[in-house]
Amino acid sequence: MLSQAFFDRPAPLVAPELIGKKLVRLQNGKRLAGIITETEAYQGQEDSACHAHVGKTKRNEVMFGRAATAYIYFTYGMHWLLNIVTDLPDMPAAVLIRAVFPVEGLELMAENRPMLADSQKWLNGPAKLTQGFGLTGALNGQDMLRPESEIFIEEGLILPQSLIQSSPRIGLGKTPEPWLSMPWRWEISWQEAYNRVNKENL
DNA sequence: CGGCCGATTATCT
DNA sequence: GATAATCGGCCGG
């Protein structure tokens, strides 16, 4: 697992370094895992796109707590989205996990949701991966560094920074500038993830 | 492949 | 009462 210090930093520093790491979920003691291929950073009350922009509320309060806890919230009336809290307490920040490349527990993922496309694309969206991993608000606030945690992150691929592309965040609606165009989304191509996962036999 | 659109309800004003 | 850090289906090219 990673260290507390890794997460005790601003989200725009943590988010690109999470690309290539392995997200692991224990469901009834069985491992589900995927290589993180896409993330977004939400940093502080200043950031108009960040839920913490409006101050502390019941929904976003875990973002005001210690880093490395899971922030899992409900949206669009039907979807759960997984974030990892970062930065120091009282500096609300989080990294949204937007996509992972499936590597362990594919059978269980298929039971968790109806799977349509080919298996490599099963978890290529923030709400798809929570469904495939069986994640809901039940795990909101869970410490991802505790040994008995049901969700945590392990080292995965070692990637050169040159493979990681950044661009503006997605789905922000009428968020004002400069936040709308802030290049706080990071990703690696599926082809690259596929090649590296096979080469390193993950 | 790309764009548009409806679904569905917790959360906040 | 309005909005939402999305998804999948349906359309046209």
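Chain letters run A, B, ... following the sequence lines, proteins first, then strands; residues in each count from 1.
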- Roughly how many Å is it from CG in A:Leu81 to P in C:dA5, rounded to a whole number? 8 Å
- Query: Of the options A:Gln27, A:Gln131, A:Glu107, which is the one that meets A:Asn112 in a side chain to side chain donor-acceptor pair (under 3.5 Å)?
  - Reply: A:Gln27
- For the pair made of CG in A:Asn124 and P in C:dT6, what is the distance, rounded to whole Å? 13 Å
- Separation of A:Leu82 atom CG from C:dC7 atom C1', in whole Å? 17 Å
- Tell me what A:Ala49 touches on the nucleic acid: a base, only sugar-phosphate, or nothing, going by heavy atoms under 4.0 Å. base
- Query: Are the aromatic rings of A:Tyr73 and A:His51 close, with centres under 6.0 Å apart?
  - Reply: yes
- Query: Which parts of residues 128-137 of chain A get close to DNA chain C, meaning a heavy atom less than 4.0 angstrom away?
  - Reply: A:Lys128
- Message: For residues A:Phe64 and A:Met144: do they belong to one hydrophobic cluster (side chain heavy atoms under 4.5 Å, members Ile, Leu, Val, Met, Phe, Trp, Tyr)?
- Response: no
- Any sub-3.5 Å donor-acceptor pair from A:Glu177's side-chain atoms to A:Ser181's backbone N or O? yes
- Residues A:Gln142 and A:Ser149: side-chain donor-acceptor under 3.5 angstrom: yes
- Item | Base of B:dA7 and ring of A:Tyr76 stacked, centres under 5.5 Å, planes under 30° | no
- Donor + acceptor pair across side chains of A:Lys56, A:Asn60 (<3.5 Å): no
- Message: Quick check for you: to the nearest 0.5 Å, what is the distance between A:Tyr71 atom OH and A:Asn83 atom CG?
- Response: 6.5 Å
- Task: If C:dC11 has a Watson-Crick or G-U wobble mate with both distances under 3.5 Å, name it; if not, just say none.
- Result: B:dG2
- Give the cluster check for A:Leu96 versus A:Ile84: same hydrophobic cluster or not, with ILVMFWY residues linked at side-chain heavy-atom distances below 4.5 Å. no
- Side-chain touch A:Glu187/A:Ser167, heavy atoms, less than 4.5 angstrom: yes
- Which residues, if any, of residues 92-104 of chain A bring a heavy atom under 4.0 Å of DNA chain C? A:Leu96, A:Arg98
- Task: Identify, residue by residue, the members of residues 51-65 of chain A with a heavy atom below 4.0 Å from DNA chain C, and return them in order of residue number, or none.
- Result: A:His51
- Query: Okay, side chain of A:Ser48, backbone of A:Thr175: is any donor-acceptor separation there less than 3.5 Å?
  - Reply: no
- Message: Rounded at 0.5 Å granularity, tell me how far CZ in A:Phe101 sits from CG in A:Leu202.
- Response: 10.0 Å
- Message: What is the distance, to the nearest angstrom, from the NE2 atom on A:His79 to the C1' atom on C:dT6?
- Response: 4 Å
- Grab the CE-C1' distance between A:Met78 and C:dG9 for me, whole Å please. 13 Å
- Roughly, in whole Å, what's the span from NZ in A:Lys121 to C1' in B:dC1? 12 Å
- Using whole Å, report how far CZ of A:Phe74 lies from P of C:dA5. 13 Å
- Message: Once you apply a heavy-atom cut-off of 4.0 Å, does A:Arg113 come out as touching a base, just sugar-phosphate, or nothing?
- Response: sugar-phosphate
- Item | Any-strand Watson-Crick or G-U partner of C:dA5, both distances under 3.5 Å | none
- Rounded to whole Å, the CD1-C1' distance (A:Ile72 to C:dT6) equals 16 Å
- Query: Roughly how far, to the nearest 0.5 Å, is the CD1 atom of A:Ile19 from the CD1 atom of A:Ile97?
  - Reply: 8.0 Å
